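Just so we're on the same page: letters track the sequence lines, and every chain starts at 1. For clarity, every value in this text was computed on a predicted model and none was experimentally measured. Below, all heavy atoms of this structure are taken into account, side chains as well, without hydrogens, waters or symmetry copies.
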Amino acid sequence: MREIFVDYANACPVDERVFSAMKPYFTEKFGNPSSHIISKGNEALKALDESRKTVANFLGAESFEIVFTGSATEANNLAIKGTAFKNINKDKKHIIASDIEHFSITSPLRTLELDFDFKVDYVPVDNDGIVEESALRKTLREDTVLITIQLANNEIGSIQDIKNLVKIVKEFNENIIFHCDASACGGLIDVNVKELDVDLLTLSPISMYGPKGIACLYIKKGVTVKPLIEGGFQEAGLRSGTENLPAIVGFAKACEISKLEMNERAKYLSRLRDKLMDGIEKNIDFVHITGHRTKRLPNNFSFWIEFAEGESLLLMLNYLGVMASSGSACSSNLRARDEDELVASPVLKAIGVPSDICTGSLTFSLGMKNTEEDIEYIIQIMPGIVNRLWQMSPFYLDKIKGHTPKMTKVDK
Amino acid sequence: MADAQGPYSQKVMEHFLNPKNMGEITDASGIGEVGNPSCGDVMRLYLKINDDGIIEDAKFMTFGCGAAIASSSMVTEMIKGKTVEEALKVTNETVAEALGGLPPAKIHCSVLAQQAIEAAIKDYKEKKGIK
């Protein structure tokens, strides 16, 4: 049975070279960097310092500007809550975010609103998922303390012009802290903090074939945040807890390789992606591409199909060996306790996909293990899958017969 | 493949991949269409009922997830050959049970199936002038 993984936005295999670099730090070089007076600890500290330098270099930052965290979610929390808590006693309690941020941004923001009296405004995006500049200008306030906008979206791939948005914000008030969640971008597009001109930035090694359980927050020199996890003095007191050194070493190795291979990867991935996009668009009716046509991650192809539901598409694809993802409510959380926890992707709603039919969404996110043959196979099986679902869809039947559907809404 | 069925039971996957009684009955005695506003699923059930009040044929058209399609397929199998009164006794629990269980978040799909029967029979009775 064929096995084609096209869900790299959600999980990436660890590069063998990265894995090799990590291995000794599990079994032989197991020292604690805090115990650096003894040789084992000193060996670990050197590896930690070296890794931090590599990650900083990857971002165009200085070593002391990098704080390692346990995940991109944690780094986003540290950026959002850490900045808010630093300013909690001042009168500045206004925060701005884009309408398509990840849950690891919107959930802490909701907590700040509900429990700490902050006010959060969300800037809308256009139908391509690009932040509207005029709307951003209107949202800025005298008491704005923080703004958070992602570099690229992991579902629809759209890339924001962060540099320009920073300029708009800083022209209004240079003291507003600008955070950028670049966790979907590492190894796919350039992520340079000097170039982007941000104050805080989240980077994850997952999209660059690095390990899970590690990420970092870039904190520009002079910018301060309150730690969320307190204990010893690791990470300059900003993130206590014994360092996950094997993962940190792997993160650094992934950065080192990505720096060298990114252009080649982007070229390869975008060629496969374009072929897939072309094949699906040409062979299937009622397909709507989501995200910006050109300003998008090189490995991302996201779209929705009318009259077919996302989870059914995923199940049929999976049955035929193709593993993708969907933003449909039905596929959102099958481990949920009840149906109330099934929610359609807020990103799709934000870009104007009608919520009652946005359920037919699919994201193919490609990786370096995908081949031309994989793409050809997907193009070959997709029309059959879609047709099969259309054949059992009352909406499709009504469409081809020209009927207006008459439906009894059922109360929950 | 090691695990092609994901979160669902073998029975759900069988009915999802090879649904029974899929399609339209053009001269149906009763049609029930129900939807779930929270997830957008829509189930349309067609019944062909003879003069003795026996369901001779049942077909479905469904827009929805794997559980919704499997529930639709299962419910048509369960009510075929039954009288209208017997069919009304089919509950969401019996549908879910016949499918080897559903994940908690998908129980509403079997509820939809029960409601589809009720809606189709209501439509049939209205057309027939039965109270």
Side-chain angles (χ1 to χ4, degrees), chain A residues 1-4 306-323 326 328-344 354-360 385 388-399 401 403 405-412, chain B residues 1-8 12-13 16-24 26 31-46 59-70 72-73 102-116 118-120 122-123:
Chain A
M1 181 76 193
R2 221 180 259 263
E3 201 172 277
I4 299 175
E306 292 181 54
F307 322 116
E309 190 280 322
E311 191 211 90
S312 290
L313 289 166
L314 282 189
L315 283 171
M316 287 212 176
L317 280 166
N318 189 55
Y319 181 72
L320 296 173
V322 178
M323 289 164 269
S326 167
S328 87
C330 296
S331 67
S332 63
N333 183 9
L334 286 195
R335 286 179 297 178
R337 282 162 296 178
D338 58 47
E339 67 184 83
D340 292 337
E341 291 182 17
L342 299 180
V343 198
S355 63
D356 52 336
I357 47 171
C358 82
T359 53
I385 290 174
R388 178 138 181 93
L389 292 173
W390 281 350
Q391 277 163 24
M392 55 179 108
S393 168
F395 295 146
Y396 186 71
L397 180 75
D398 291 337
K399 172 82 182 174
K401 284 191 161 186
H403 288 171
K406 186 180 121 239
M407 185 174 73
T408 319
K409 287 267 182 196
V410 173
D411 293 327
K412 279 208 292 186
Chain B
M1 196 184 302
D3 180 15
Q5 66 188 54
Y8 292 125
V12 169
M13 284 310 286
F16 170 68
L17 292 167
N18 293 298
K20 306 281 188 341
N21 311 307
M22 181 184 97
E24 193 187 7
T26 46
I31 302 173
E33 180 160 318
V34 289
N36 186 318
S38 73
C39 66
D41 284 2
V42 169
M43 198 177 284
R44 189 184 291 169
L45 184 65
Y46 301 89
K59 287 195 176 201
F60 80 88
M61 298 212 71
T62 290
F63 170 89
C65 63
I69 289 166
S72 312
S73 167
L102 287 171
K106 297 292 185 174
I107 292 294
H108 67 279
C109 297
S110 59
V111 174
L112 213 53
Q114 181 189 337
Q115 288 166 334
E118 288 161 4
K122 185 166 169 267
D123 181 53

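- With sequence neighbours left out, B:K122 forms a salt bridge (charged side-chain N to carboxylate O under 4.0 Å, His left out) with B:E126.
- Looking only at distances, no side-chain donor or acceptor of B:R44 sits under 3.5 Å from a matching main-chain atom of A:F395.
- In this view, B:S72 and B:M43, B:F60, B:T62 satisfy the side-chain contact (heavy atoms from CB on, under 4.5 Å) rule, not counting sequence neighbours.
- B:M13 places a side-chain heavy atom less than 4.5 Å from the side chain of A:L315.
- In this structure, CE on A:M392 lies 5.0 Å from CE on B:M22, to the nearest 0.5 angstrom.
- Here the closest heavy-atom approach between residue A:E311 and residue B:A67 is recorded as OE1-N, 4.3 Å.
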Take B:F63 and A:S312 through the side-chain contact (heavy atoms from CB on, under 4.5 Å) test and state the conclusion after the steps. CA-CA 9 Å; B:F63 170 89; A:S312 290; over 6 Å; no

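- Neither the backbone nor the side chain of B:I31 has a heavy atom closer than 4.5 Å to any heavy atom of chain A.
- The closest side-chain heavy-atom distance from B:P19 to A:Q391 is not below 4.5 Å.
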